[in-house]
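Worksheet: the structure to be examined is printed underneath.
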Amino acid sequence: MSNAYLSISQVDMSFTRGGTTNQVLKNIDLDVQRGEFISLIGHSGCGKSTVLNIVAGLLRATSGGVIVDGKEVNDPGPDRALVFQNHSLLPWLTVYQNVEIAVEKTFRKTKTAAERKAWILHNLDMVNMSHALDRLPSEISGGMKQRVGIARALAMEPKVLLLDEPFGALDALTRAHLQDEVMRIQSELANTVMMITHDVDEAVLLSDRIVMMTNGPAATIGQILDVELPRPRDRIAMADDPRYNHYRHEVLSFLYEKQRKVEEIDRHRGKRGGAEAAKAVKRA
Amino acid sequence: MSHTETLDRGRLIGTGEEPVPGIWRARLKTMREVFISRVLPPLIVIGGLVMLWEMLCSRPGATLPSPSQVLTETWDLITDPFYDNGGNDVGMAWQILASLERVAYGYSLAVIAGVGLGVLVGQSTWALRGLDPLFQVLRTVPPLAWLPISLAGFQDSNPSAIFVIFITAIWPIIINTSVGIRNIPEDYRNVSRVIRLNGAEYFWKIMLPAAAPYIFSGLRIGVGLSWLAIVAAEMLIGGVGIGFFIWDAWNSSLISDIILALIYVGLVGFMLDRMVAWIGNRVTRGTSAG
Ligand SMILES: Nc1ncnc2c1ncn2[C@@H]1O[C@H](COP(=O)(O)OP(=O)(O)OP(=O)(O)O)[C@@H](O)[C@H]1O
Ligand SMILES: [Mg+2]
């Protein structure tokens with residue numbers, strides 16, 4: 001085995017339903033170092049969530065496996081927290097209680113009640129949600145829900161943070177704000193992060209490495225891009241940085257030249273420019 | 001209400017008027033609006049129907065008493081609901097309370113057993129396949145059809161009545177609970193796995209709250225059916241209770257008493273329904289339709 005902190009080796013995944021088997025992932029191999037920020041990018045339906053769910057332990061790979069910190073992943077564990085694609089807050093619990101349910105479970109034995117309370121408040125503060133502790137999920141905006149989802153994951157003090165399109169459904173301003181927050185939190189806590197995204201700028205801005213997946217069925221890793229931009233990164237300064245634009249171009253050309261799914265979408269929906277097509281993929 | 005209030009205050013301060021009387025004026029205004037839009041229509045309709053009833057039943061040869069006649073004939077019953085002359089001869093309040101007591105026993109048992117079985121059927125496909133056909137057949141049996149068999153079994157009228165309530169109320173509770181459990185989004189299950197809740201924690205913290213809106217709609221249907229069934233069952237078993245009161249009044253040709261009892265039965269049934277809906281609303285924090 002390699003000495004990486006998290007390693008995904010030889011993972012194949014197929015789903016069988018009603019006698020028909022379709023292979024979603026084929027031969028996924030990836031080593032992630034401790035404290036590294038990895039983005040997974042690829043067209044909709046290629047199997048990104050499936051990869052993340054396997055790492056989280058929610059799904060079992062058909063063959064191959066995942067090792068985190070020397071231990072094989074078979075089930076969800078306290079070392080890996082997942083932020084779901086659709087936030088998945090429990091609608092009958094308040095913002096505070098949604099974080100509390102995870103904290104109570106994780107730290108029941110190691111923290112006192114007062115420490116747990118302070119820890120919950122601290123994590124909600126970290127995502128700037130202290131003002132809405134007693135609101136129900138139905139009473140807060142999509143961006144706020146996503147932040148609570150992130151707080152819930154962070155509050156478990158995971159070594160690996162798994163983010164499934166955490167900002168997918170947000171407007172550009174909220175998204176930028178939360179990206180900055182995630183960058184700040186990651187630099188503070190030095191978590192290992194795997195994040196799925198559809199957004200090329202987001203991937204380049206946040207990641208140490210961008211893992212680009214080919215289209216399904218039987219998707220695999222097509223290319224890995226090292227992003228060697230100094231941290232902390234500033235989105236405004238980055239806009240004029242030629243290296244930033246080079247990385248951006250690399251990812252775009254992978255997605256829209258080497259993996260030609262966009263053209264199919266274009267044919268279905270009429271002609272669109274590149275940026276428009278990217279949005280279409282996001283919505284799909 | 002508070003919305004109108006603040007809007008109004010803003011306007012009044014803007015015009016430099018003293019705000020306090022404005023608040024009261026606004027409050028009175030909203031109260032008047034509520035009265036006109038909510039209270040007045042039912043009052044008018046009910047008043048009209050009572051008048052029609054009065055006209056129809058005041059004619060010579062009318063078989064049913066008119067409202068004024070009902071009122072005069074039952075005045076003693078209305079004004080003294082708590083008299084107790086021993087035996088079955090007790091006030092209306094006691095009659096209704098006796099029925100409510102039976103409903104309370106039968107319904108409570110139905111809630112416990114119904115939610116339990118509903119969870120079982122909702123969770124286990126095997127239990128669903130095994131029990132569902134049985135449930136689907138048994139739930140169509142009319143409540144009163146259970147009475148003879150339960151009399152035969154219990155050899156006593158009171159437990160039989162309670163059993164009829166139980167068996168009537170349990171089906172919608174089982175079915176709604178199991179549907180609620182089966183409809184729990186996969187996401188909640190994944191959340192509970194990621195934060196690593198164990199079986200009991202999953203049951204109390206995820207499963208019951210997630211299914212609560214469905215469970216409460218079953219509970220609401222159940223309480224309505226219980227009340228329907230108790231009145232009918234009591235007619236047959238006798239003793240103190242609003243159902244037998246009606247039957248007794250019929251045997252004594254006290255039609256006005258029957259009408260009064262029907263009004264009470266309706267009102268109590270309505271209150272039971274509202275009560276369960278209210279509890280459901282509190283428990284589910286407004287996520288259950290009520
Ligand atoms: N539980 C399942 N059973 C059967 N097929 C599944 C299951 N989960 C995912 N799939 C299939 O696997 C493929 C990949 O799904 P996945 O959710 O991983 O895609 P994704 O890359 O995350 O897409 P998106 O970007 O739209 O979220 C899809 O074709 C999907 O239909
Ligand atoms: Mg996905």
Side-chain angles (χ1 to χ4, degrees), chain A residues 49-50 52-60 73-95 97-109 120 134-139 145 148-149 151-158 160-164, chain B residues 2-3 6 115 118-119 122-123 125 128-129 176-177 179-220 276-290:
Chain A
S49 295
T50 308
L52 214 64
N53 286 340
I54 292 172
V55 176
L58 290 173
L59 289 176
R60 240 2 128 74
V73 168
N74 290 317
D75 281 307
D79 52 340
R80 287 155 285 129
L82 175 63
V83 175
F84 293 85
Q85 189 161 2
N86 49 359
H87 70 76
S88 292
L89 298 184
L90 302 171
W92 56 89
L93 298 180
T94 62
V95 165
Q97 291 167 331
N98 262 292
V99 179
E100 185 185 31
I101 192 172
V103 170
E104 290 296 318
K105 181 68 195 175
T106 315
F107 298 109
R108 187 159 37 202
K109 297 204 183 76
I120 297 167
D134 295 323
R135 300 237 215 122
L136 292 172
S138 57
E139 297 164 351
K145 283 181 210 162
V148 179
R152 178 172 65 189
L154 288 174
M156 294 168 69
E157 223 168 28
V160 181
L161 187 60
L162 306 167
L163 304 166
D164 194 345
Chain B
S2 61
H3 187 61
T6 44
V115 172
V119 169
Q123 267 222 301
T125 314
L128 172 72
R129 296 211 178 115
N176 278 278
T177 303
V179 170
I181 300 282
R182 255 176 285 152
N183 280 342
I184 295 176
E186 186 64 20
D187 286 350
Y188 296 170
R189 186 159 196 100
N190 284 338
V191 169
S192 88
R193 289 180 61 198
V194 167
I195 62 183
R196 289 171 317 116
L197 299 182
N198 60 32
E201 287 165 335
Y202 176 71
F203 178 78
W204 289 109
K205 293 186 174 168
I206 308 278
M207 205 189 284
L208 280 190
Y214 288 88
I215 296 177
F216 273 97
S217 76
L219 294 184
R220 237 179 120 179
V276 175
W278 183 81
I279 295 172
N281 232 315
R282 292 303 299 266
V283 171
T284 61
R285 304 203 187 179
T287 48
S288 110

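What's counted below: heavy atoms across the whole structure, side chains too, no hydrogens, waters or symmetry copies. In what follows, chains carry the letters A, B, and so on, assigned in the order in which the sequence lines appear, proteins first and then strands, with residues in each chain numbered from 1.
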Worksheet entry | A/Leu89 versus chain B, the contacting section by heavy-atom distance below 4.5 Å | backbone
Discussion item. With a 4.5 angstrom heavy-atom cut-off, is it the side chain or the backbone of A/Ala56 that approaches chain B, or both, or neither?
Written reply: neither
Worksheet, complete the sentence: So the salt bridge (charged side-chain N to carboxylate O under 4.0 Å, His left out) pairs with at least one residue in residues 73-92 of chain A (sequence neighbours excluded) are none
Discussion item. Do B/Lys205 and A/Leu90 make a side-chain contact, defined as non-hydrogen atoms from C-beta onward lying under 4.5 Å apart?
Written reply: no
Worksheet entry | Over all atoms of both residues, closest heavy-atom pair of A/Ala102 and B/Ile195 | CB-CG2, 3.5 Å
Practice prompt. Kindly determine whether B/Val194 and A/Leu58 satisfy side chain to side chain contact (heavy atoms under 4.5 Å, CB included), including the steps that lead there.
Written response: CA-CA 8 Å; B/Val194 167; A/Leu58 290 173; 4.1 Å; yes
Worksheet item: Quick one: CZ on B/Arg189 to OG on A/Ser88, what's the gap to the nearest 0.5 Å?
Response: 14.0 Å
Discussion item. Could you walk me through whether A/Trp92 and B/Thr284 satisfy the side chain to side chain contact (heavy atoms under 4.5 Å, CB included) test, starting with their C-alpha distance in whole Å, then the side-chain angles of each, then the deciding distance to 0.1 Å, before giving a yes or no?
Written reply: CA-CA 7 Å; A/Trp92 56 89; B/Thr284 61; over 6 Å; no
Discussion item. Is A/Asn53 in contact with chain B via its backbone, its side chain, both, or neither, using a 4.5 Å heavy-atom distance?
Written reply: neither
Worksheet item: chain B heavy atoms under 4.5 Å from A/Pro78: which part of the residue, side chain, backbone, both or neither?
Response: both
Discussion item. To the closest 0.5 Å, what do you measure between CG (B/Leu197) and CD (A/Glu104)?
Written reply: 11.5 Å
Worksheet item: Where is the tightest heavy-atom contact between B/Arg196 and A/Lys105, given as atom of each residue plus distance?
Response: O-CE, 2.7 Å
